[in-house]
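Inspection log for the structure reproduced underneath, given as structure tokens.
We're numbering straight along the sequence, starting at 1.
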Amino acid sequence: VAPGVALIRADGMYAVSTGSLTYDGYLDAVQSALEERSISAVVSQVESPCGFAGYLLTATHRARGMRAKYGKPIITHTEVGLLSAACILAAALGEITAAPTAEVGSNGIYRPPPKATPEGAFLGGARKCNPDPEMVKAQMQRLYETFCADVALSRGIDVSRVLAQQADSYYAGPEAIEAGVIDRVC
């Protein structure tokens, strides 16, 4: 690593408050590096398949705020994979680079099916453990479209381009550049 460049490593699934990789823990490390006068750029090596959706928009808002406040380059690099929430957060931070075979993208939403109601459980609301599938699909679609709009804002591209990629799409190498998912292959 060159003098004046901070290196941050992050591996795993982004979580809200527990686990080895939390949104705030990662962003705190980036912000701490940005606040150092001797640091002129931050490079993060991130290997992450996903993250929890519930806090992601808060994290991306914070990331774009840090990018604007400090004005220093923030580069997220992946050697293996930067998918789903990890890719969305990286887009909010700034430049994204990837190894030629790294998988990047898949900006979608996944919700596991509801669990069966435990015997003897007390529930408030008739659909607490058995939500209307059409309502859930509509909510997931709205959240997906919100995430796509967030990626478009962060990457400076039209939201239709992000929506056209589809949630199950991921890219590698020059194809990732063409899709607007990364800036450089290195």
With a 3.5 Å cut-off and sequence neighbours excluded, list the donor-acceptor pairs that the side chains of residues 51-58 form with protein atoms.
residue: Tyr55; atom: OH; partner: Asp24; partner atom: OD1; Å: 3.0
residue: Tyr55; atom: OH; partner: Asp24; partner atom: OD2; Å: 3.0

- Query: To the nearest 0.5 Å, how far apart are CZ in Phe147 and OG in Ser84?
  - Reply: 8.0 Å

- Query: Would you say the side chain of Val46 lies within less than 4.5 Å of the side chain of Glu79, judging by non-hydrogen atoms?
  - Reply: no

- Shortest non-hydrogen contact between Ala90 and Leu82, atoms and distance: CB-CD2, 3.7 Å

- Query: Do Cys87 and Val181 come within less than 4.5 Å of each other through their side chains, counting heavy atoms only?
  - Reply: yes

- Item | Thr97 vs Thr76, side chain to side chain contact (heavy atoms under 4.5 Å, CB included): CA-CA, chis, key distance, verdict | CA-CA 6 Å; Thr97 65; Thr76 303; over 6 Å; no

- Task: Determine, stepwise, if the pair Leu34 / Lys69 fulfils side chain to side chain contact (heavy atoms under 4.5 Å, CB included).
- Result: CA-CA 10 Å; Leu34 291 169; Lys69 178 179 179 180; over 6 Å; no

- Query: Say you draw a straight line from OG1 of Thr22 to CG of Leu27; how long is it, rounded to the nearest 0.5 Å?
  - Reply: 8.5 Å

- Query: Do the side-chain N and O atoms of Ser44 and Arg9 include a donor-acceptor pair separated by under 3.5 angstrom?
  - Reply: no

- Message: Regarding Glu145 and Arg142, does a basic nitrogen lie under 4.0 Å from an acidic carboxylate oxygen?
- Response: no

- Item | Minimum heavy-atom distance between Val104 and Ala98, given as atom pair plus value | CG2-CB, 3.9 Å

- Query: Is Leu153 reachable from Val159 through a run of I, L, V, M, F, W or Y residues, each pair having side-chain heavy atoms under 4.5 Å apart?
  - Reply: no

- Item | Under 3.5 Å side-chain donor-acceptor pair for Tyr171 and Glu178 | no

- Are any non-hydrogen side-chain atoms of Arg155 and Ile96 less than 4.5 angstrom apart? yes

- Message: Working to the nearest 0.5 angstrom, can you tell me the gap between Gln141 CD and Thr146 OG1?
- Response: 9.5 Å

- Message: For a 4.5 angstrom cut-off between non-hydrogen side-chain atoms, does Ile88 reach Asp150?
- Response: yes

- Message: Could you measure the distance from the CD1 atom of Ile8 to the NE2 atom of His77? Nearest 0.5 Å is fine.
- Response: 15.0 Å

- Message: I'd like to know if the side chain of Ser40 and the backbone of Gly4 have a donor-acceptor N/O pair within less than 3.5 Å.
- Response: yes

- Message: Please check if the number of heavy atoms outside Arg161 that lie under 6.0 Å from its CZ is greater than 12.
- Response: yes

- Message: Are Arg67 and Lys72 packed together at the side-chain level, in the sense that at least one heavy-atom pair is separated by less than 4.5 angstrom?
- Response: no

- Task: For Ser48 and Gly12, indicate whether the former's side chain and the latter's backbone hold a donor-acceptor pair under 3.5 Å.
- Result: yes

- Between Ile177 and Asp183, does a side chain to side chain contact (heavy atoms under 4.5 Å, CB included) hold up when you go through it step by step? CA-CA 6 Å; Ile177 295 171; Asp183 299 290; over 6 Å; no

- Task: Apply the test side chain to side chain contact (heavy atoms under 4.5 Å, CB included) to residues Ile182 and Glu175: give CA-CA distance (whole Å), side-chain angles for both, the deciding distance (0.1 Å), then the verdict.
- Result: CA-CA 9 Å; Ile182 67 170; Glu175 186 181 60; over 6 Å; no

- Note on the structure: Residues at least two apart in sequence or cross-chain that pass salt bridge (Lys or Arg N to Asp or Glu O under 4.0 Å) with Arg184, listed by chain then number, are Glu95

- Leu93 side chain reached by Met66 side chain, heavy atoms, under 4.5 Å: yes

- Query: Is it true that Leu143 and Tyr23 fall in one hydrophobic cluster, defined by side-chain heavy atoms closer than 4.5 Å?
  - Reply: yes

- Query: What distance do Cys50 atom SG and Tyr14 atom OH have between them, rounded to the nearest 0.5 Å?
  - Reply: 11.0 Å

- Message: For a quick test of reading the model, state the closest non-hydrogen atom pair linking Leu83 to Glu103 and the distance between them.
- Response: CD2-O, 3.7 Å

